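These numbers come from a predicted model, not from an experiment. Proteins get letters first, then strands, A, B, ... in listed order; numbering begins at 1 in each.
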There are 2 protein chains.
Amino acid sequence: MTDSDITGAPAGALDGIRVVDLTRILAGPFCTLLLADMGADVIKVEPPAGDPVRGQGAMVEGYSWYFAQFNRNKKSVVLDLYTDEGKADLTRLLETADVVVENYRPGVFAKMGFSAERLAEINPRLICASVNGYGSSGPYVDRPAFDFIAQAMSGFMAVNGDPDGPPSRAAPPISDLIAGLYCAFGVVSALQARHTTGRGQQVESSLTGGLISMMAYLSAEYFATGANPTRTGNNHPIVAPYGLFQAADGEIAVAPSNDTFVERFLRVLGLEGLLREPDFADNAKRMANRDALNARINAVTREKPVDHWIDAINKAGCPAGRVMGLDEVFTDPQVLAQEMVIQSEREGRTPIRMTGFPVKLSQTPAALRQPPPELGEHTEQIITFVRNATKSH
Amino acid sequence: MTDSDITGAPAGALDGIRVVDLTRILAGPFCTLLLADMGADVIKVEPPAGDPVRGQGAMVEGYSWYFAQFNRNKKSVVLDLYTDEGKADLTRLLETADVVVENYRPGVFAKMGFSAERLAEINPRLICASVNGYGSSGPYVDRPAFDFIAQAMSGFMAVNGDPDGPPSRAAPPISDLIAGLYCAFGVVSALQARHTTGRGQQVESSLTGGLISMMAYLSAEYFATGANPTRTGNNHPIVAPYGLFQAADGEIAVAPSNDTFVERFLRVLGLEGLLREPDFADNAKRMANRDALNARINAVTREKPVDHWIDAINKAGCPAGRVMGLDEVFTDPQVLAQEMVIQSEREGRTPIRMTGFPVKLSQTPAALRQPPPELGEHTEQIITFVRNATKSH
């Protein structure tokens, strides 16, 4: 059933792995997207009304490109899991699957009749993955979850933004995406364990837990010192110069993370003499006089365009880049060379543009194997198959 | 050699997988941390001067807790890869390994004598993973990379921040961490492929590519409409009310993502009558009159403390949370229940506090198996072992 759908695509790393996908909106679908891109046979089970994302975001020819981005390479099966027939069909699907992924609130899937114990009865080799807001135990387990709240409760928002301004969120739903990626990593790790144990297990990630794990040196500093990190906007908390500078036609981001890089940067500007002035002689002094330092630098950088500076500063070995809007990102020669913009072709429709694959494997690469599915496009094919397979038991 | 080091820890999902880790600083070490937490035997190969992170961040009893956070569960071996002896020892290590991870600039590892072809000769089952700034081909391949620059060049910075303010970075080095996590996912996917193909392959992720893949609906909207998304600070671009509100003793984050949630939220405040006023009757009107709406809401929320509102709004089924500093995060009962703060015990030293494991597996859980290593702590044990193993060939 799987192979006939794949025409001309290379073998994937997760070929032969079947995933039953009960997720909707974002964190769960991102997890199963990553598995599908790697070659897994992902069967997206949707309620009769479909994943709500089908109706969200800008539509092209009646189709949500937001839905397409998150659901390429998947098949769509409609089941009404409020009915006995729907539950029976789901049970049959789970018998044939390696992985099930759900992002219900903790406890809901069990109430629907699919507790961990029942799932292990149905299929002891099944890996049962869950993405949720706060984890499946603890005092907040029943709270509704949402990316913005996870950003607030993980400490992430408190460290972002200007020192004089409010805590600031990141615009992308970063906690959903990180939780989805962690869950995909957990699922593939559980596949590896199954080669040894012969059994499936439960895998779980959460929006808040995932983002907390990304606090990096900010959390390490807090644990070591007991002091909360302060917000420093685009400035580095302990290095100057660093940040955004003004070129003739826009801004440049420059990140000289230590004295060697600072000297390389200032040399490009013809400002290496600054390092012999008492106010700027070492990092501590440059931090204390950051405004004056930045003014001296901006006076030079303003004279020439962004392209000139980016090229010259990088050639000198100091990290620098343009602050890009998405229009620049998706026409950038490096981004295109890395195939981070791809097109899903579909007969009679405008090809759907979407972001490409962030993990490159040389022999079993991620690839476009299926266009994003119409709601229920594969219901008949797949449900007929599993019903017949069960009969022949 | 591996088993004797593990005392009382449960079996890990990646038990028996040996990883040679040539990475330093952040993205690469985060990748190998995730593999080590899952049970892989990670051998961190350090130059005689050690990973620079050993000297960074706040020290406790002379030990960097930043280093500890990123290098727990690993062993440390010192090799000077500028010498023939060091290269010979590395070759012996690679013969016994399943995975090698490096985060040199593209081409550097090949120049050191370890091209993809040579690595496949040394060990055809070896999975060779690389984390870098821009990918290993394309016009920017030789540029030095850094998190701040990747945030600028991925479009991430351009969408974060207030509409009237500058593009804003996230304070944590989010592009490093996401690239490391993607690489770990790629490595474990390649392990799964190896069960079929019998061979290793190259795996790669990049700081910019990883962050681009997280632009989610912002990139989908750009592709569908051709328009750059605008910065909206903490406000939702298309929903009101939404964001931070003032309680008597702090701020609360509230995310009512559609009309149902808006009504639940306003009902808690006794403000459901607002929905019958012409200025606030639907989402479009509430967006147009957001300042007036927020003022009406803040007038009520200011009357009671954060705890009251968080509890009441969640009970009504609308996502809400406290904006937490790290001091609140790491004493929060849910965070503690999820074991997101753990301690690495070490004889004669203050236990090192660090963040816990963001992916939970029920049967082969992530666990603390080894304290973060001293520089070269395992050199003799491991290098003697592989030299003897080679002799006995």
So which part of B/L244 gets closer than 4.5 Å to some heavy atom of chain A, the side chain, the backbone, both or neither?
-> both
Residue part contacting chain A, namely of B/Q202, when any heavy atom lies under 4.5 Å = both
Pairwise side-chain contact, A/R169 with B/T232, heavy-atom cut-off 4.5 Å (strictly under) | yes
More than 12 heavy atoms of other groups within 6.0 Å of A/E339 CD = no
Sidechain-backbone polar pair: B/R322 side chain, A/M153 backbone, donor-acceptor under 3.5 Å = no
Residues that A/S213 engages under side chain to side chain donor-acceptor pair (under 3.5 Å), provided they are two or more places apart | A/Y182
Among A/N234, A/V329, A/D142, residue most engaged with chain B (heavy-atom pairs, under 4.5 Å) | A/N234
Is it the backbone or the side chain of A/E204 that comes under 4.5 Å from a heavy atom of chain B, or both, or neither?
-> both
For chain A, which of B/P173, B/S362, B/C128, B/A253 has the most heavy-atom pairs under 4.5 Å?
-> B/S362
For B/V159, is it the side chain, the backbone, both, or neither that has a heavy atom closer than 4.5 Å to a heavy atom of chain A?
-> both
Using distance alone, with no hydrogens and no angle criterion, decide if B/T364 and A/R194 have a side-chain donor and acceptor under 3.5 Å apart.
-> no
When heavy-atom pairs shorter than 4.5 Å are enumerated against chain B, which of A/S137, A/G186, A/G135, A/S205 gives the highest number?
-> A/S137
Among the options B/S136, B/A337, B/S154, pick out the one with the most heavy-atom pairs lying under 4.5 Å from chain A.
-> B/S154
Select, from B/G321, B/G155, B/P172, the one with the greatest count of heavy-atom pairs under 4.5 Å involving chain A.
-> B/P172
Name the option with the most non-hydrogen atom pairs under 4.5 Å to chain B; the candidates are A/A145, A/A158, A/G210, A/A170.
-> A/A170
Hey, are the side chains of A/P144 and B/N314 touching, using non-hydrogen atoms and a 4.5 Å cut-off?
-> yes
Residue pair A/R353 / A/F330: nearest heavy atoms and the distance that separates them = NH2-O, 4.2 Å
Against chain B, label A/V203 side chain, backbone, both or neither, depending on which of its atoms sit under 4.5 Å from a heavy atom there.
-> both
In this structure, are over 12 heavy atoms from other groups packed under 6.0 Å from B/R264 atom CZ?
-> yes
Could you tell me whether the side chain of A/L177 reaches within less than 4.5 Å of the side chain of A/F70, counting heavy atoms only?
-> yes
Would you say B/D176's side chain and B/A179's backbone share a donor-acceptor pair under 3.5 angstrom?
-> no
Distance-only polar pair, side chains of A/D332 and B/Y140, donor-acceptor under 3.5 Å = yes
Any chance CG of A/L336 has more than 12 other-residue heavy atoms, nucleotides or ligands included, within less than 6.0 Å?
-> yes
Which one of B/S189, B/G138, B/A11 has the most heavy-atom pairs closer than 4.5 Å to chain A?
-> B/S189
Answer key: most heavy-atom pairs under 4.5 Å with chain B among A/Q334, A/H236, A/M38, A/R231 is A/Q334
Can you say whether A/Q56 sits under 4.5 Å from chain B via the side chain, the backbone, both, or neither, judging by heavy atoms?
-> neither
Ranked by heavy-atom pairs below 4.5 Å to chain A, first place among B/H195, B/Q192, B/Q69 goes to B/H195
Between A/T355, A/V323, A/N228, A/V53, which has the largest tally of heavy atom pairs under 4.5 Å with chain B?
-> A/N228
Which atoms of B/L34 come close to chain A, meaning under 4.5 Å heavy atom to heavy atom: side chain ones, backbone ones, both, or neither?
-> both
Considering only heavy atoms, which portion of A/Y242 lies under 4.5 Å from any heavy atom of chain B: side chain, backbone, both, or neither?
-> side chain
Taking side chain as C-beta onward, heavy atoms only, is B/V254 less than 4.5 Å from B/F261?
-> no
With only heavy atoms counted, which part of B/V335 is less than 4.5 Å from chain A, the side chain, the backbone, both or neither?
-> side chain
Go through the structure and list residues passing side chain to side chain donor-acceptor pair (under 3.5 Å) with B/T197, not counting sequence neighbours.
-> none
Taking every heavy-atom pair that is under 4.5 Å apart, which of B/A320, B/A190, B/A220 has the most such pairs with chain A?
-> B/A320
Pair count under 4.5 Å, heavy atoms only, with chain B: among A/P333, A/G12, A/P365, highest is A/P333
Side chain from CB out, backbone as N, CA, C, O: work out which of these in B/F30 comes under 4.5 Å of a heavy atom of chain A, or both, or neither.
-> side chain
Below 4.5 Å from any heavy atom of chain A, which atoms of B/F357 appear? Answer side chain, backbone, both or neither.
-> neither
Under 4.5 Å from a heavy atom of chain A, the part of B/Q151 involved = neither
Using ring-ring contact (aromatic ring centres under 6.0 Å, His included) as the criterion, point out the one residue from A/Y222, A/F223, A/Y217 that pairs with B/Y66.
-> A/Y217
Okay, B/N235 and chain A: the region with an atom under 4.5 Å from a heavy atom over there is backbone
